[in-house]
Each structure stands twice: as C-alpha cells, then as structure tokens.
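Just so you know, ligand 1 is whichever comes first in the structure, and atom 1 is the first atom listed for that ligand. The figures that follow rest on heavy atoms only: side chains count, while hydrogens, waters and symmetry mates do not.
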Amino acid sequence: MRRNKGPSRLDLDEAAGNGLVDRRLFLTGVAAGAAAGGVFSEPASADELSVEPWMKTPGAPFVGYGQPSRFEDKVARVWASAPNAPGTGAARTPLHLLNGAITPNGLHFERSHNGVPDIDPSLHRLLIHGLVKRPLVFTLDALSRYPMESRTAFIECGGNGGQLYQKDPAQLNLQALHGLLSCAEWTGVKLSILLEEAGVDPAAKWILAEGADAAGMSRSAPLAKAMDDALVALYQNGERLRPSNGYPMRLLLPGFEGNLQVKWLRRIKLTEAPTMTKDETSKYTMLMPDGKSLQFVFPIEAKSVITQPSPGLMMKEPGLYSISGLAWSGYGKVVKVEVSADGGKSWGLAELQQPALLMALTRFRMAWRWSGGPAVLQSRVTDETGYVQPTRAELIANRGGKAIYHFNGVTSWAVSESGEVKHVYA
Ligand SMILES: Nc1nc2c(c(=O)[nH]1)N[C@H]1C(S)=C(S)[C@@H](COP(=O)(O)O)O[C@H]1N2
Ligand SMILES: [Mo]
C-alpha cells in the first residue's frame, strides 16, 4: 500500500490548514487522488478474483417488498421512549451510515407524542373549516383526484442537537446528537388549492393543523405559509407515507420546525389568531437568558454537520479521505459549505452535491489528507439569504444556555492520533 509520502503529494493544492485538499480533486477523479498518495486501493492482478460461493448457485427468489442486504442490519434507527409509553419519544436516523441527500423511508426519523395510530385510510377524513366560506371534508380518494406536486424537503425536530447547549460535550455519536433529521421527496396536493376551494375569509390570518393521533397534536401556523408552499403530503419517496411519518396524510410546511409537520392530518381550521395549543405554549417555545420565551420560532436556521467521519467511525492509516456531511436551511438553498480541519482557524470550500434544493438536505464533500496528527473537523454553511451558521460560542452568547430547541451552532469532531473521533467543543 502506498503511504502518504513522495513528491507527487505536492501536486494537489491545499485548500486550508491541516491537510484540507482542493475540492477540485473530486472533479479530476480518484486517479489524481492516488497520484497524491491517497490510500484508496491496492495494486492487483486479475487472477486475484476468486469465484465465490454465490456465483456457483442460483440466487434468491423474488419478494414482494424488498429489504436491505442482511449485511446492513446495523443501519437502523435507535430510539428512546417514555416509561410506560413505548410510542412516546423519538427514533433517530443513522446519518453516519447513509450517503446522498435522501433518507430511505424505513430510516426516516420518527418523533411521536403518543404512538403511531393504525389509521384505516378509507375512514380517514380531512376537514377544512373555521373562517372559510364553505367548510369542506376530503377523503383520501377525493384528494387523489387533485393535481399533485412533489418537493424534496428536510424535516428536523426543533429538539435536534439540543445536547449541544449542555456545558460539556456529550459523548454520543452523530445519530444520538443530530439524528432527528431526515429528508424525503414528498408528493401531495398544495394546501392553497384546497383552501381556495373552501374560500378564505379575509379575516383569517392563521391556520390550526390537528393530527388524528392519541396526542391530538396540533399547531398554529401563519396563513401566509399555508398559501405559499404548504403541501398535504400523501407520498414519501414515491410510496404512500409510512404510518410512523403520518399515513395517510401529513402537513408539510417546508423549512419549518419539525413539530409543525403535523402527521395523520385530520383538520385545518382557519383562524384570526394562533390557537395557543398545548404544543405551542407548554412546549416548543425558547427560553431566553432574561427568562422570557420566544414563541412561534418557525423556520429552522441554517445548520450543517459532518457525517463521515464522526464519533464511532474510526480513521484508519494516514492518507487521503473524503469528508462528507449534510447542510440545510429553512430559509432556502444552501449556497456554500466550508470545512475546517484545524478547529476553525482556516476553512476550505466543500463541493456541493447537485441539485442543491430549497429547504432540502444538501450533501457536501471535501478531500482531506490526514497526516495522522490531531485535528478538529468542523463544517459551516451559508444559505442563500447570506446567513452564516454560527459557532457554538456565538449561538450560546446570543441565546444563553437555557434554550433546548433550535441548536444550529457548529459541531466539532476531534480526531486523535489513534484515529478515534470524538465530540468536542472548539
Ligand atoms: N400528529 C402528530 N404530528 C406530529 C407529531 C406527533 O406526535 N403527532 N410529532 C411532531 C414532531 S415533534 C416532529 S419533529 C415531526 C417528526 O416527523 P417524523 O416523525 O415524520 O420524522 O412530526 C411532528 N408531527
Ligand atoms: Mo419535534
């Protein structure tokens, strides 16, 4: 195996300190990486390929609904639930084991306040009422006759990353720290079409959205958002919504805090003012240092995190690595992600996977030649409004340490000489 030595290593432009390599490496390909002393492969000759047992016998028969390889059984959600309430809690996405920008449906995170209802779609109804000219009720069949559209959007729980408000860095992996985050292509009917059919009373300024679960979870949102880009989502990555994600229909308010993405949607009521439900008074408010709380903090601010490497994923020998991660913003598109290998002293520009969509997870990648020495890896996103992800210190200076929601500061992973990756504050 070639090591990280030799004159060819000078061929690649340094992008930033401690080994970050110019992102154009990915455009010139692996060959350039190998020339630069990357350890991607071993020299081989064709006769090294042996005929394995699976080539000597016919393969498995067909199945109705496909499942991942049995070798991928570690790629799973991990959950915590309330005592005596197994359906109340959250199951987190294994972001450290996925790539690309879309979350497979079976791994979409799940946050449920009182379990997953077993809804018979033929009995489910969506009611639109309140300040409308004509209250309307829709069956799933009726909704299926409206024009539909698809959009890719992330959902992030407002509590995601909440442990980073704590005084000391929690020794947890990425899934435990930031796994209340997923992204899917959602297909359904624009809520504005249904509201227009019902006829919006000019006095209406807000909506109330209510779910058909035993928590009766409900939230208020501005009517302007409902008329702009809200979707009554019926499909998730091409198939019907999963029961845990709102089957047979959920509200999608792109870019807004996860709690507003009301699952098992059964009722939209148009109102003059917010309804002040339990879910927006006793919860999902942000306690500020002066003891006051911010209410109705809707969009998710721009945030990014490195998914590979991350705690639990060991670095092997020194050499060339691809750092990868996710960036997103509830205010629009991700336009720039920078990566640092020296704890924020210097930054190099990461490559963004295209298309970088509005209010969707955006995959970034960066080349790094790890010297084998200590490093602190960070990522920092800028969105199309010019908003730059704050450092953890900046965020806390601003918000204090009492908040638990909307943590979007920079996450830092320390890499030790032994290749171990650890959550630190830098
Ligand atoms: N009806 C209903 N809708 C709900 C919830 C719920 O418990 N009941 N949880 C909310 C919360 S807190 C979040 S973060 C998102 C999570 O969506 P997901 O479970 O599809 O990932 O759904 C929201 N919608
Ligand atoms: Mo949430």
Undergrad: Please confirm whether Arg242 comes under 4.0 Å of ligand 1, counting heavy atoms of the residue only.
TA: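 Contact check Arg242 vs ligand 1: negative.
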Undergrad: When you compare ligand 1 with His108, is there at least one nitrogen or oxygen pair between them that comes in under 3.5 angstrom?
TA: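 Among all N and O atoms of His108, at least one is under 3.5 Å from an N or O of ligand 1.
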Undergrad: Among all protein heavy atoms in this structure, tell me which lies nearest to atom 9 (N) of ligand 1, with the distance rounded to 0.1 Å.
TA: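 Its nearest protein heavy-atom neighbour is Arg111 O, 3.1 Å.
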Undergrad: Should we say atom NZ of Lys190 is surrounded by more than 12 heavy atoms from elsewhere, each under 6.0 Å from it?
TA: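 Check passes, neighbour count above 12.
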Undergrad: Among all protein heavy atoms in this structure, tell me which lies nearest to atom 8 (N) of ligand 1, with the distance rounded to 0.1 Å.
TA: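 Checked against all protein heavy atoms, atom 8 (N) of ligand 1 sits closest to Asp213 OD2, 2.7 Å.
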Undergrad: When rounded to the nearest 0.5 angstrom, what distance separates CD in Gln236 from CZ in Arg242?
TA: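 Spacing of CD (Gln236) from CZ (Arg242) equals 7.0 Å.
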Undergrad: When rounded to the nearest 0.5 angstrom, what is the spacing between NZ in Lys278 and NE2 in His113?
TA: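 Spacing of NZ (Lys278) from NE2 (His113) equals 7.5 Å.
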Undergrad: Please identify which atoms of ligand 1 are closer than 4.0 Å to at least one heavy atom of His113.
TA: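 Reading through ligand 1 atom by atom, the close ones are 5 (C), 6 (C), 7 (O), 9 (N), 12 (S).
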Undergrad: Distance to 0.1 Å, residue and atom name: give those for the protein heavy atom nearest to atom 5 (C) of ligand 1.
TA: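 Looking only at protein heavy atoms, the one closest to atom 5 (C) of ligand 1 is Met217 SD, 3.5 Å.
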Undergrad: Donor-acceptor check, side chain of Thr275 to backbone of Thr277, threshold 3.5 angstrom: yes or no?
TA: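 No, because the side chain of Thr275 does not come within donor-acceptor range (under 3.5 Å) of the backbone of Thr277.
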Undergrad: Assess whether side chain to side chain donor-acceptor pair (under 3.5 Å) is satisfied between Trp328 and Glu156, documenting all intermediate values.
TA: CA-CA 10 Å; Trp328 62 102; Glu156 184 184 25; 2.9 Å; yes
Undergrad: Could you list which atoms of ligand 1 come closer than 4.0 Å to a heavy atom of Ser112?
TA: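 So the answer, numbered in order with elements, is 7 (O).
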Undergrad: On the ring face of Phe256, is Lys225 found with NZ or CZ under 6.0 Å from the centre and within 45° of the axis?
TA: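 Yes; both conditions hold, so Lys225 lies above the ring face of Phe256.
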Undergrad: Regarding ligand 1, does Phe109 bring an N or O atom to under 3.5 Å of one of the ligand's N or O atoms?
TA: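 N/O-N/O distance under 3.5 Å: yes.
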Undergrad: Side chain to side chain donor-acceptor pair (under 3.5 Å) for Glu280 and Ser220? Distances and angles first, verdict last.
TA: CA-CA 8 Å; Glu280 58 204 15; Ser220 307; 2.6 Å; yes
Undergrad: Among protein heavy atoms, which sits nearest to atom 17 (O) of ligand 1, and what does the distance come to when rounded to 0.1 Å?
TA: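 Heavy-atom neighbour on the protein nearest atom 17 (O) of ligand 1: Arg250 NH2, 3.0 Å.
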Undergrad: Do other residues, nucleotides or ligands put more than 12 heavy atoms under 6.0 Å from the CG atom of Asp120?
TA: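 Check passes, neighbour count above 12.
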Undergrad: Verify the distance criterion only: is there a donor paired with an acceptor across the side chains of Ser244 and Lys263 at less than 3.5 Å?
TA: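 No, because no side-chain N or O of Ser244 sits under 3.5 Å from a partner of the opposite role on Lys263.
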Undergrad: What are the atoms of ligand 1, with element, lying closer than 4.0 Å to any heavy atom of Val262?
TA: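 Answer for ligand 1: 3 (N), 24 (N).
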Undergrad: Between Phe109 and Trp79, is the ring pair (Phe, Tyr, Trp, His ring centres under 6.0 Å) condition met? List the steps.
TA: CA-CA 9 Å; Phe109 88 93; Trp79 60 91; over 10 Å; no
Undergrad: Is the shortest distance from a heavy atom of Ser244 to ligand 1 less than 4.0 Å?
TA: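 Yes.
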Undergrad: Show me which atoms of ligand 1 lie under 4.0 Å from any heavy atom of Gln261.
TA: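 Those of ligand 1 that fall under 4.0 Å from Gln261 are 22 (O), 23 (C), 24 (N).
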Undergrad: Answer yes or no for Ala215: is there a heavy-atom contact with ligand 1 below 4.0 Å?
TA: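 Flag not set, Ala215 not near ligand 1.
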Undergrad: Assess the residue pair Thr411 and His178 against the criterion (side chain to side chain donor-acceptor pair (under 3.5 Å)); give the C-alpha distance rounded to whole Å, side-chain angles, the decisive distance to 0.1 Å, and a yes or no.
TA: CA-CA 10 Å; Thr411 295; His178 295 292; 2.8 Å; yes
Undergrad: Counting heavy atoms only, which of Gly258, Gly89, Gly246, Ser182 comes nearest to atom 23 (C) of ligand 1?
TA: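 Nearest option to atom 23 (C) of ligand 1, by heavy atoms: Gly258.
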Undergrad: Enumerate the atoms of ligand 1 whose separation from the nearest heavy atom of Asn245 is less than 4.0 angstrom.
TA: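 What qualifies from ligand 1 is 18 (P), 19 (O), 20 (O), 21 (O).
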Undergrad: Please confirm whether Lys263 comes within less than 3.5 Å of ligand 1 when only nitrogen or oxygen atoms on both sides are compared.
TA: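 Between Lys263 and ligand 1, an N or O pair is found under 3.5 Å apart.
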Undergrad: More than 12 non-hydrogen atoms from neighbouring residues, nucleotides or ligands closer than 6.0 Å to CZ on Arg134, yes or no?
TA: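 For Arg134, atom CZ is crowded (more than 12 foreign heavy atoms under 6.0 Å).
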Undergrad: Relative to the heavy atoms of Gly211, which atoms of ligand 1 are at a distance of less than 4.0 Å?
TA: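 Going through ligand 1 atom by atom, the ones under 4.0 Å from Gly211 are 1 (N).
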Undergrad: Which of the numbered atoms in ligand 1 are under 4.0 angstrom from any heavy atom belonging to Trp264?
TA: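 Matching atoms, with element in brackets: 1 (N), 2 (C), 8 (N).
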Undergrad: If you count the atoms of ligand 1 from 1 in the order shown, which ones are under 4.0 Å from a heavy atom of Cys157?
TA: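 Going through ligand 1 atom by atom, the ones under 4.0 Å from Cys157 are 14 (S).
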